[in-house]
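Shown next, in structure tokens, is the structure this report addresses.
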Amino acid sequence: MPQVTLIFSAALIVLGVGTWVAAGQTSVTALIPAFFGIPLAIAGFCALRESWRKHAMHGAAVVALLGALGALGRALPSLDLSEPLRLATASQLAMGAALLVFLVLCVRSFIAARRASEAETT
């Protein structure tokens with residue numbers, strides 16, 4: 001799961017920088033996906049150490065939950081299907097969707113780890 005975390009963090013950083021460049025490098029808020037990608041990258045690198053993995057991955061899941069709620073909470077109300085999709089809204093939707101997928105993968109991984117731990121003790 002640490003490698004998956006690093007992949008998602010890289011995708012968020014690319015999304016943030018790409019949105020910032022596409023927006024003309026005028027708005028720092030376009031970098032918000034990158035601001036969530038950086039803590040995910042830190043958690044991913046920390047999770048490479050077996051002794052830190054559990055805490056780092058739970059921290060990554062919290063970052064993903066907060067990011068998904070924030071991004072989707074801003075994007076969905078501003079979504080107007082009668083008008084062209086704004087760059088900011090598209091970026092928020094992409095960030096929210098990516099973090100939601102990552103969060104689901106984290107939960108599935110946590111469940112699998114719990115079951116494996118219980119199977120070892122019985």
Side-chain angles (χ1 to χ4, degrees):
M1 198 64 192
Q3 294 83 4
V4 173
T5 305
L6 293 172
I7 291 168
F8 274 89
S9 69
L12 287 172
I13 292 169
V14 168
L15 175 65
V17 172
T19 304
W20 181 66
V21 168
Q25 303 172 356
T26 57
S27 176
V28 175
T29 58
L31 290 168
I32 288 174
F35 297 153
F36 278 86
I38 292 168
L40 279 183
I42 293 169
F45 283 118
C46 289
L48 292 173
R49 289 187 68 175
E50 183 67 36
S51 61
W52 294 1
R53 183 164 298 150
K54 181 178 178 180
H55 297 297
M57 291 311 304
H58 280 88
V62 168
V63 169
L65 175 64
L66 294 175
L69 289 175
L72 294 175
R74 300 265 311 158
L76 294 177
S78 68
L79 194 60
D80 185 2
L81 299 178
S82 66
E83 295 181 14
L85 189 61
R86 294 178 38 234
L87 178 63
T89 305
S91 178
Q92 291 168 347
L93 287 171
M95 175 183 159
L99 288 173
L100 206 55
V101 168
F102 177 72
L103 186 60
V104 168
L105 293 174
C106 283
V107 170
R108 290 183 64 189
S109 173
F110 297 159
I111 291 170
R114 172 66 61 114
R115 287 183 178 156
S117 174
E118 289 173 354
E120 287 177 5
T121 59
T122 58

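The analysis underlying the following values was restricted to heavy atoms, covering all of them including side chains, and did not include hydrogens, waters or symmetry mates.
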With the 4.5 Å side-chain cut-off for hydrophobic clustering, are [X] and [Y] part of the same group?
{"X": "L66", "Y": "I32", "answer": "no"}
{"X": "V63", "Y": "V101", "answer": "yes"}
{"X": "V4", "Y": "L103", "answer": "no"}
{"X": "V17", "Y": "V28", "answer": "yes"}
{"X": "L99", "Y": "L105", "answer": "yes"}

Looking only at non-hydrogen atoms, find the nearest pair between [X] and [Y] and report the distance.
{"X": "G16", "Y": "L31", "value": "O-CD2, 3.7 Å"}
{"X": "G37", "Y": "S9", "value": "O-CB, 3.2 Å"}
{"X": "T89", "Y": "S78", "value": "OG1-OG, 3.5 Å"}
{"X": "G96", "Y": "A68", "value": "O-CB, 4.0 Å"}
{"X": "S91", "Y": "P33", "value": "OG-CG, 3.7 Å"}
{"X": "P2", "Y": "A47", "value": "CG-O, 3.4 Å"}

Worksheet item: Just one of I13, I7, L12 clears the side-chain contact (heavy atoms from CB on, under 4.5 Å) bar with L40, so which one?
Response: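 For L40, the side-chain contact (heavy atoms from CB on, under 4.5 Å) check succeeds only for L12.
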
Worksheet item: Under 3.5 Å, side chain of T5 to main-chain N/O of M1, donor-acceptor pair present?
Response: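 A pair under 3.5 Å: yes.
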
Worksheet entry | L15 backbone acceptor or donor facing T19 side chain under 3.5 Å |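 Yes: the side chain of T19 pairs with the backbone of L15.
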
Worksheet item: Would a 4.5 Å heavy-atom cut-off, applied to side chains only, mark D80 and L85 as touching?
Response: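 They are not in side-chain contact.
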
Worksheet item: Do Q3 and L48 have side-chain heavy atoms sitting under 4.5 Å apart?
Response: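 They are in side-chain contact.
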
Discussion item. Could you work out, with salt bridge (Lys or Arg N to Asp or Glu O under 4.0 Å) as the rule, every residue matching E50, not counting sequence neighbours?
Written reply: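 R53.
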
Worksheet item: If you look only at pairs with a residue in residues 4-60, which of them pass as a ring pair (Phe, Tyr, Trp, His ring centres under 6.0 Å), with sequence neighbours excluded?
Response: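 Qualifying pairs: F8-F102, H58-F110.
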
Worksheet item: Say you draw a straight line from CG of L69 to CZ of R74; how long is it, rounded to the nearest 0.5 Å?
Response: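 Interatomic distance, L69 CG to R74 CZ, rounded to 0.5 Å: 14.0 Å.
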
Discussion item. Taking side chain to side chain donor-acceptor pair (under 3.5 Å) as the cut-off, I'd like each qualifying pair that reaches into residues 23-45, sequence neighbours left out, listed once.
Written reply: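 Qualifying pairs, neighbours excluded: S27-T29.
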
